[in-house]
Every structure is written in structure tokens, then in C-alpha cells.
Amino acid sequence: ADGILTEKLRKSGKRAVFEEEITVNNERYYMYKAVSSEGDEYRQKYVVNALTGEVGTYDPEKKSISSFDDFNYSDMSEDH
């Protein structure tokens with residue numbers, strides 16, 4: 001999962017920091033914090049499907065997964 005995300009983010013300046021394993025709709029995912037090149041954390045998370053390796057976007061408020069391309073890079077975490 002780490003390698004898959006690293007490859008997807010290689011040219012973006014963003015990085016992914018493993019947070020925890022989650023289950024959504026009976027499927028296991030590895031969830032990662034999304035961090036900007038300045039070290040700021042985004043509200044949404046990256047997820048990698050444990051079985052298929054597919055990368056997606058996790059919205060913690062809606063507890064839903066959507067396409068990796070749906071990630072909103074203008075939505076920063078309130079904590080930072």
C-alpha cells in the first residue's frame with residue numbers, strides 16, 4: 001500500500017502517512033493522512049483497498065470512499 005501511494009503522489013509534493021486500518025462496506029482499507037509539502041494536514045484521507053490495491057479518497061465526516069481524483073486539496077484540517 002505504501003508503494004502504491006508513493007508512486008501516485010511522487011510528482012505532487014504531497015505525502016501520505018499511515019494512520020490505521022479501517023473497514024468500509026465490508027472491505028478493508030489502509031488509511032493515510034494526506035500531508036502537504038509544507039507539513040499541513042488535509043481533512044480528507046487517502047485509502048488503499050487491502051485486497052485490490054485501488055487508491056481512493058476517504059471523507060471522515062461522511063465515512064465514505066470516492067475516487068482518488070475526487071481529493072479536495074483546498075480543504076485543510078481544522079487542527080492545523
Side-chain angles (χ1 to χ4, degrees):
D2 291 345
I4 293 168
L5 258 178
T6 299
E7 183 61 30
K8 274 209 169 280
L9 299 173
R10 190 164 39 103
K11 297 176 183 166
S12 71
K14 314 289 187 289
R15 52 189 185 92
V17 178
F18 180 76
E19 201 165 56
E20 65 180 310
E21 192 175 310
I22 62 171
T23 301
V24 177
N25 297 329
N26 294 321
E27 293 192 46
R28 285 185 26 237
Y29 292 86
Y30 302 110
M31 184 171 66
Y32 294 79
K33 289 188 266 190
V35 182
S36 73
S37 56
E38 293 81 30
D40 297 316
E41 191 177 319
Y42 296 96
R43 186 184 61 79
Q44 293 177 318
K45 315 281 185 180
Y46 298 122
V47 289
V48 178
N49 185 299
L51 184 62
T52 67
E54 184 177 352
V55 178
T57 297
Y58 180 71
D59 186 319
E61 291 174 8
K62 297 177 183 175
K63 295 185 176 21
S64 65
I65 294 174
S66 60
S67 166
F68 177 77
D69 295 330
D70 291 340
F71 201 97
N72 181 355
Y73 289 104
S74 63
D75 192 2
M76 303 305 287
S77 172
E78 296 296 321
D79 297 337
H80 291 79

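Scope of the values below: all heavy atoms of this structure, side chains included, with no hydrogens, waters or symmetry mates.
Between Phe68 and Tyr46, some side-chain heavy-atom pair lies under the 4.5 Å cut-off.
Every residue two or more places apart in sequence or in another chain that forms a ring pair (Phe, Tyr, Trp, His ring centres under 6.0 Å) with Tyr73 is listed here: Tyr42, Phe71. Every residue two or more places apart in sequence or in another chain that forms a side-chain contact (heavy atoms from CB on, under 4.5 Å) with Ser12 is listed here: Leu9, Lys14. The side-chain hydrogen bond (donor to acceptor under 3.5 Å, both in side chains) test applied to Ser74 returns Asn72, not counting sequence neighbours. Under the rule for a side-chain contact (heavy atoms from CB on, under 4.5 Å), Ser37 has no partner lying at least two apart in sequence or in another chain.
Sorted by first then second residue, the salt bridge (charged side-chain N to carboxylate O under 4.0 Å, His left out) pairs that include residues 60-72, not counting sequence neighbours, are Arg43-Glu61.
Nearest heavy-atom pair, Gly53 versus Val48, reported as atom, atom and distance to 0.1 Å: O-CG1, 3.8 Å.
By the rule that hydrophobic residues join a cluster once side-chain heavy atoms approach within less than 4.5 Å of another member, Tyr30 and Leu5 end up as members of one cluster. With hydrophobic clusters built from ILVMFWY side chains whose heavy atoms lie under 4.5 angstrom apart, Ile65 does not share a cluster with Val55.
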Please tabulate, for side-chain N and O atoms in residues 15-25, each donor-acceptor pair with protein atoms closer than 3.5 Å (sequence neighbours left out).
residue	atom	partner	partner atom	Å
Glu19	OE1	Lys45	NZ	3.3
Glu19	OE2	Lys45	NZ	3.4
Glu21	OE2	Arg28	NE	2.5

>> With side-chain hydrogen bond (donor to acceptor under 3.5 Å, both in side chains) as the criterion, how do Asn49 and Glu27 come out once you've worked through the C-alpha distance, each side chain's angles and the decisive distance to 0.1 Å?
In response: CA-CA 7 Å; Asn49 185 299; Glu27 293 192 46; 2.7 Å; yes

